[in-house]
There are 2 protein chains.
Amino acid sequence: MAFVNQNPILQSLIAEQLVSDPASARGRLLNEAARLFRDKGYERTTVRDLAAAVGIQSGSLFHHFRTKEEILKAVMVETIRLNTALMQAAADKAESAREKLRALVRTELESINGQTGEAMAVLVYEWRSLSESSQAEVLELRDIYEDLWLSVLHQLAEAKQLGADPFITRRMLTGALSWTVTWYRPERGGLTLDGLTDQVMAMLGLDQC
Amino acid sequence: MAFVNQNPILQSLIAEQLVSDPASARGRLLNEAARLFRDKGYERTTVRDLAAAVGIQSGSLFHHFRTKEEILKAVMVETIRLNTALMQAAADKAESAREKLRALVRTELESINGQTGEAMAVLVYEWRSLSESSQAEVLELRDIYEDLWLSVLHQLAEAKQLGADPFITRRMLTGALSWTVTWYRPERGGLTLDGLTDQVMAMLGLDQC
DNA sequence: TTACAAACCAAGCGCTTGCTTGGTATTGTC
DNA sequence: GACAATACCAAGCAAGCGCTTGGTTTGTAA
């Protein structure tokens, strides 16, 4: 009980049963699964690993999920749901388009490098391990998430504040931001998340104005 | 025999035995392995898949490579060797630092989305599947490759042409450029590799001078 | 033609995998 | 305090995995 989550956005999603409570059996399993999938990859992680991580027998997993792949899908779906809500809230708070973009960058960096980092990495790098039908389901959710970005980037493009095409800029940002998970270590080293956000905005030429 | 390779850089690397001839048995296997590893992932690709792709029995693979992992390592090592040489040559041809950066971006995009694209994707996304000792070996080669980028980016930073820190800019570019492999399709759609390079330079505010 | 190594095949071993099965605690409800 | 429903265990099955083995074919050079 070292950590009690107080995020109101997470709380309301749990209430709506759109994401699992991290304190529940299912939630704990999904958290451990995200960590294992990120550290070892989906294929290298066995159902025995997953079961051991939450202290049950491997066969007991299949009382909660029908297949191993269903666990991967649940990790991805719940992660997108949570992060879409977080991004929406962050963008709504900001005033200008530039501030909205900054909020999106900052929030996505936090998702990738913070508490939901394991799950975000899984979402990006374990995509191929999903069956095609599951991919289609997850893709629908991701479209909502991406529309958030594109509307802000379009605003900036119309105001001539963006060097490149909005679609391409978003794709470049997707790669650049998700890649931070491989190198950004906030604990050792002076660069904070805000500092990193500044660097991203500076790279885009959006630091002044 | 539809395709005869004429690239002089590749030819000299083959002569020095640093890279396998794509026409040789070993070279063909490595090409097929790169394709399979990229399409299905290293773990999902079986030695039987690899053998079938070049028309031999699975056991016969182990006449050429001692383990399956050795195949993955060979794909990565040879890819880095080839691309370091290609990048070096491209940068040497350019005059200004800005033109050198453009050449590096253009060449890396070509590596990622062209003929060596499968192998480049493997290099980026199958890193975890390498044993630690192999990772260390490959890392040494990658440092040489990265120094190419950093020297050019430092030049630009000193000339105040770069919005953000050189190290961070390179890391952002690594993510952004490698991510293109997931969405950039030159065949269907108007965007050429040169056009994509323009967009990257524009995003960095380096399209004019 | 002979000699020999490199390249390959056919068969399968030992192990791990995802998942199933039949049964036993544990929990919540009236 | 009876009774489901839920959560879990112990055991193991069938299939697939990387890799080994013993023997055969192919290429090359004297």
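Quick note on labels: first sequence line is chain A, next is B, and so on, each numbered from 1. On a predicted model such as this, the values are computed, not experimentally measured, just so you know.
- In 5' to 3' order, the nucleotides of DNA chain D bounding all contacts with chain B (an atom under 4.0 Å from a heavy atom) are dC17(D) to dT20(D).
- Of the residues in residues 43-50 of chain A, those placing a heavy atom less than 4.0 Å from an atom of DNA chain C are T45(A), T46(A), V47(A), R48(A), in numerical order.
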Using a cut-off of under 3.5 Å, enumerate the N/O to N/O pairs linking the protein to nucleotides 7-9 of chain C.
residue, atom, partner, partner atom, Å
dA7(C), OP2, H63(B), NE2, 3.1
dC8(C), OP2, H64(B), NE2, 2.8
dC9(C), OP2, Q57(B), N, 2.5
dC9(C), OP2, S60(B), OG, 3.1

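- Looking only at side-chain heavy atoms (C-beta outward), R38(B) and V181(B) come within less than 4.5 Å of each other.
- Residues D147(A) and R142(A) are not paired through a salt bridge, judged by the lack of any N-O separation under 4.0 Å between the basic side chain and the carboxylate.
- The pair R81(A)-E16(A) does not meet the salt-bridge criterion, since no charged nitrogen lies less than 4.0 angstrom from a carboxylate oxygen.
- At least one donor-acceptor pair under 3.5 Å links the side chain of Q135(B) to the backbone N or O of L130(B).
- In summary, the side chains of R26(B) and S20(B) do present a donor paired with an acceptor at a separation below 3.5 Å, with no hydrogens or angles considered.
- The pair D49(A)-K40(A) meets the salt-bridge criterion, since a charged nitrogen lies less than 4.0 angstrom from a carboxylate oxygen.
- Contact check on D39(B) versus R128(A) returns no salt bridge, with no Lys/Arg side-chain nitrogen under 4.0 Å from an Asp/Glu carboxylate oxygen.
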side-chain contact (heavy atoms from CB on, under 4.5 Å) between L10(B) and L86(B): does it pass, once the steps are laid out?
CA-CA 8 Å; L10(B) 175 56; L86(B) 290 173; over 6 Å; no
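- Salt bridge absent: E69(B) and K73(B) never bring a charged side-chain N and a carboxylate O closer than 4.0 Å.
- Side chain of T107(A) to main chain of M87(A): no donor-acceptor pair is present (N/O by atom type, distance under 3.5 Å, no hydrogens or angles).
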